[in-house]
Colleague: 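Attaching a single structure in C-alpha cells format; questions to follow.
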2 protein chains.
Amino acid sequence: MAKRDPIITLEECSYRKILDIVSSKWAVLVMAVLSGGTKRYGELRRRIADISQKMLTQTLKQLERDGLVERNAIPSVPPTVEYSLTPLGQTLIPHFAQMRQWANEYYDSVERARMDYDRKAENPAAGEQR
Amino acid sequence: MAKRDPIITLEECSYRKILDIVSSKWAVLVMAVLSGGTKRYGELRRRIADISQKMLTQTLKQLERDGLVERNAIPSVPPTVEYSLTPLGQTLIPHFAQMRQWANEYYDSVERARMDYDRKAENPAAGEQR
DNA sequence: CTGTATCCGCCTGGATACTG
DNA sequence: CAGTATCCAGGCGGATACAG
C-alpha cells in the first residue's frame with residue numbers, strides 16, 4: 001500500500017502556471033513588441049499583424065492584471081495610452097529567448113515527424129511493399 | 001520612408017511554434033509523467049488527475065505526430081500499449097524545468113498583482129481615501 | 001485615438017456509449 | 001486494456017457598431 005503511483009494534478013503542476021499566462025497566442029507577441037520599449041496602443045495594433053482590436057485590448061488587460069505590463073493613460077485630447085513591460089514582465093524575456101532557441105533548433109524535426117506521420121496515415125502500407 | 005516599423009506576424013514568431021506544441025494543458029502533463037520513463041495507457045490515465053479518455057488519446061496522438069512521444073503497441077490479449085519520450089521529446093525536459101523555475105520564483109508576484117488589480121477594480125477609490 | 005459592447009460561428013473539451 | 005464515435009455545452013476569437 002505504499003505510495004508508488006503519484007498523481008499529478010493540474011494545480012500542482014508548475015508548468016501550468018506559466019502556461020496560463022503565456023499560452024495565449026497574442027500575449028507572447030505583445031510582450032515581444034513591448035520588449036523593444038514602451039509603445040502606444042495604436043502602435044501595437046500596427047506592429048502585430050492580424051490582431052483584432054478586441055484581442056489586443058483583452059490581451060493587454062490580462063497582462064496588466066498579471067502585473068506583466070504597465071498601462072499609462074495620459075489624459076489629453078485625443079487620449080494617449082502607453083504600454084510597457086514591468087520589471088516582472090522583463091523576467092520573461094530570457095525565457096522567450098529560450099523558447100525561440102528550441103524552436104530554431106528542433107522545429108524542423110517536428111515538421112519532418114509530422115510529414116512522416118501524415119504520409120503513413122494516408123498510405124499505411126508505405127515501407128512494406130510496392 | 002525607411003523601415004522603422006517592423007511588423008510581427010504569427011508565422012514569423014518562433015515562440016508560437018513551441019507554443020503550438022506545448023500550450024495544450026495536457027501535453028505538458030503527459031510529457032512530465034513520461035519523463036519518468038515508459039508508461040502504459042492506463043497508467044497515464046491514473047497518474048494524471050481529471051484527464052478524460054478523449055483528451056489523453058488526443059494528446060498522445062498529437063505528441064506522437066510531432067515526434068515527441070513514441071507509441072509501442074504489443075499485440076497481445078488484452079492489448080498492451082507503451083508510451084515513451086523520443087530523443088526529441090527529451091530535449092524539452094530542461095525547458096520544462098525552466099518554466100517550473102520561473103513559476104516557482106515569480107508566480108507569487110503574479111498572484112499578488114492579480115489581487116491588487118481585482119481589488120482596485122471593485123473599489124476604484126482604494127488607496128485614495130478611507 | 002483608445003477603447004467598449006454585441007452578435008455569432010467555430011473549435012475545444014467533457015460525458016457517454018460502444019468496439020477489438 | 002486501449003481505444004473509437006458521437007453528442008453537446010461553453011468559451012475563444014473575429015466582425016461590426018458605437019462611445020469618450
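Here is the naming used below: chain letters follow the sequence lines, and residue numbers restart at 1 for every chain. This is a predicted model, so every value here is computed, not measured.
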Colleague: Should A:Val69 and A:Ile93 be counted in the same cluster of Ile, Leu, Val, Met, Phe, Trp and Tyr side chains packed under 4.5 Å apart?
Modeller: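 Yes, A:Val69 connects to A:Ile93 through the hydrophobic network.
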Colleague: What's the OH-P distance between B:Tyr83 and D:dA2, to the nearest Å?
Modeller: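 My rounded result for the distance is 9 Å.
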Colleague: Side chain of A:Val81 only, please: which of C:dG14, D:dG3, C:dT2 is the nearest?
Modeller: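 Output: C:dT2.
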Colleague: What is the distance, to the nearest angstrom, from the CE atom on A:Met55 to the C1' atom on D:dG14?
Modeller: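 Distance, rounded to whole Å: 8 Å.
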Colleague: Within the 4.5 Å heavy-atom criterion, are B:Glu70 and B:Leu85 side-chain neighbours or not?
Modeller: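 Of all side-chain heavy-atom pairs linking B:Leu85 with B:Glu70, none is under 4.5 Å.
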Colleague: Pick base, sugar-phosphate or nothing for A:Arg40, based on heavy-atom distances below 4.0 Å to the nucleic acid.
Modeller: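 The residue A:Arg40 makes sugar-phosphate contact but no base contact.
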Colleague: Should B:Val28 and B:Phe96 count as side-chain neighbours, where that means a heavy-atom distance under 4.5 Å?
Modeller: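 SC-SC contact between B:Val28 and B:Phe96 confirmed.
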Colleague: In the structure I gave you, are the side-chain heavy atoms of B:Gln62 and A:Tyr117 within less than 4.5 Å of one another anywhere?
Modeller: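 With C-beta onward as the side chain, the pair stays apart.
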Colleague: Would A:Thr57 and A:Tyr41 count as having a side-chain donor-acceptor pair, cut-off 3.5 Å?
Modeller: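 Yes, a side-chain donor-acceptor pair sits under 3.5 Å.
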Colleague: C:dG13 P sits how many Å from B:Leu29 CG, rounded?
Modeller: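 Distance check: B:Leu29 CG to C:dG13 P gives 12 Å.
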Colleague: With a 4.5 Å limit on heavy-atom distance, are the side chains of A:Val110 and B:Leu88 in contact?
Modeller: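 Yes; the side chains approach each other to less than 4.5 Å.
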Colleague: Grab the N/O contacts between the protein and nucleotides 7-11 of chain D below 3.5 Å, and write none if there aren't any.
Modeller:
none

Colleague: Please report, rounded to the nearest Å, how far the C1' atom of D:dA5 is from the NZ atom of B:Lys61.
Modeller: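 It is 11 Å, rounded to the nearest whole Å.
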Colleague: Can you tell me the distance, in whole Å, between the CG atom of A:Leu60 and the P atom of C:dG3?
Modeller: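 My rounded result for the distance is 8 Å.
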Colleague: If I take atom CD in residue B:Gln53 and atom P in nucleotide C:dT19, what distance separates them, rounded to the nearest angstrom?
Modeller: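 The distance from CD of B:Gln53 to P of C:dT19 comes to 14 Å, rounded to the nearest Å.
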Colleague: Tell me whether B:Thr86 contacts the main-chain N or O of B:Leu68 through its side chain, where contact means a donor paired with an acceptor under 3.5 Å.
Modeller: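 Indeed, once roles are kept as given, a pair shorter than 3.5 Å links the two residues.
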Colleague: Report the nucleotide, chosen from D:dG3, C:dG14, C:dG3, that has the shortest atom-to-atom distance to any side-chain atom of A:Thr57.
Modeller: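 Out of D:dG3, C:dG14, C:dG3, the nucleotide with an atom closest to A:Thr57's side chain is C:dG3.
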Colleague: Does any part of the side chain of A:Trp102, heavy atoms only, come nearer than 4.5 Å to the side chain of B:Ile21, both counted from C-beta?
Modeller: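 The answer is yes; the side chains approach within 4.5 Å.
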Colleague: Calculate the interatomic distance between B:Leu56 atom CG and D:dG3 atom P; express it in whole Å.
Modeller: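 So the CG-P distance, B:Leu56 to D:dG3, works out to 8 Å.
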Colleague: Tell me, which of residues 65-79 of chain A have any heavy atom that sits under 4.0 Å from an atom in DNA chain C?
Modeller: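 By residue number: A:Arg71, A:Pro78, A:Pro79.
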Colleague: Could you pick out which residue, B:Thr80 or A:Ser52, lies toward the 5' side of DNA chain D when each is mapped onto its nearest nucleotide?
Modeller: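 Nearer the 5' end of the strand: B:Thr80.
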Colleague: Side chains of A:Leu56 and A:Leu44, heavy atoms from C-beta outward: is any pair under 4.5 Å?
Modeller: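 A:Leu56 reaches A:Leu44 side chain to side chain.
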Colleague: In whole angstroms, how far is the C1' atom of D:dG3 from the CD atom of B:Gln58?
Modeller: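 Rounded to whole Å, this separation is 13 Å.
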